[in-house]
Amino acid sequence: ARLMDERYKRTRLLAGYACVLLAFALVVLLGTGLLAPPGMPANPTSLGALFAGLAPSALAALALFLLGLWLVKGARRA
């Protein structure tokens with residue numbers, strides 16, 4: 001039972017760090033323009049249109065980052 005707990009904890013920690021790393025990579029790719037956000041207008045005419053186009057991708061990166069933190073924190077606490 002102890003071995004399974006350690007394996008579960010190690011897997012959860014690895015998954016958490018992977019999520020944090022993927023979120024960081026997504027932010028870098030969006031920030032440099034190498035990855036175009038889906039649904040983004042070709043030439044946004046206003047700041048509101050720009051934010052509306054970036055919001056889904058930015059929120060996905062934030063959600064992935066928070067999931068990673070939750071997994072890491074839970075693995076350390078367990």
Side-chain angles (χ1 to χ4, degrees):
R2 178 119 173 112
L3 180 64
M4 289 301 288
D5 289 341
E6 288 298 320
R7 184 177 292 161
Y8 172 74
K9 185 176 171 182
R10 189 173 50 231
T11 304
R12 186 174 169 138
L13 193 62
L14 181 66
Y17 282 125
C19 284
V20 169
L21 184 64
L22 286 173
F24 181 72
L26 181 59
V27 168
V28 168
L29 289 173
L30 287 170
T32 58
L34 294 174
L35 182 66
M40 179 71 144
N43 292 320
T45 56
S46 67
L47 195 56
L50 177 68
F51 285 148
L54 283 175
S57 299
L59 289 176
L62 179 64
L64 192 60
F65 181 75
L66 291 176
L67 174 67
L69 288 181
W70 177 74
L71 287 169
V72 168
K73 186 175 180 177
R76 289 187 179 176
R77 182 180 293 172

**Q.** Nearest atoms (heavy-atom pairs only) where G68 meets C19
**A.** CA-CB, 3.6 Å

**Q.** Least distance between heavy atoms, A61 atom then A23 atom
**A.** O-CB, 3.4 Å

Q) Mind checking whether L13 and L71 have side chains closer than 4.5 Å, heavy atoms only? A) no

Q) S57 pairs by side-chain contact (heavy atoms from CB on, under 4.5 Å) with which of L26, L30, L62, L35? A) L30

(Q) Which heavy atom of F65 sits nearest to which heavy atom of V20, and what is that distance? (A) CE1-CG1, 3.8 Å

Q: Measure the spacing between CG of L69 and CG of L64 and express it to the nearest 0.5 Å.
A: 10.0 Å

(Q) For the CH2 atom of W70 and the CG atom of L67, what is their distance to the nearest 0.5 Å? (A) 7.0 Å

**Q.** Spacing of K9 atom NZ and L14 atom CG [to the nearest 0.5 Å]
**A.** 14.5 Å

(Q) Is there a path of hydrophobic side-chain contacts, each under 4.5 Å between heavy atoms, that joins L34 and V27? (A) no

Q | Approximate separation, where rounding is to 0.5 Å, of F24 CZ and L29 CG | A | 10.0 Å

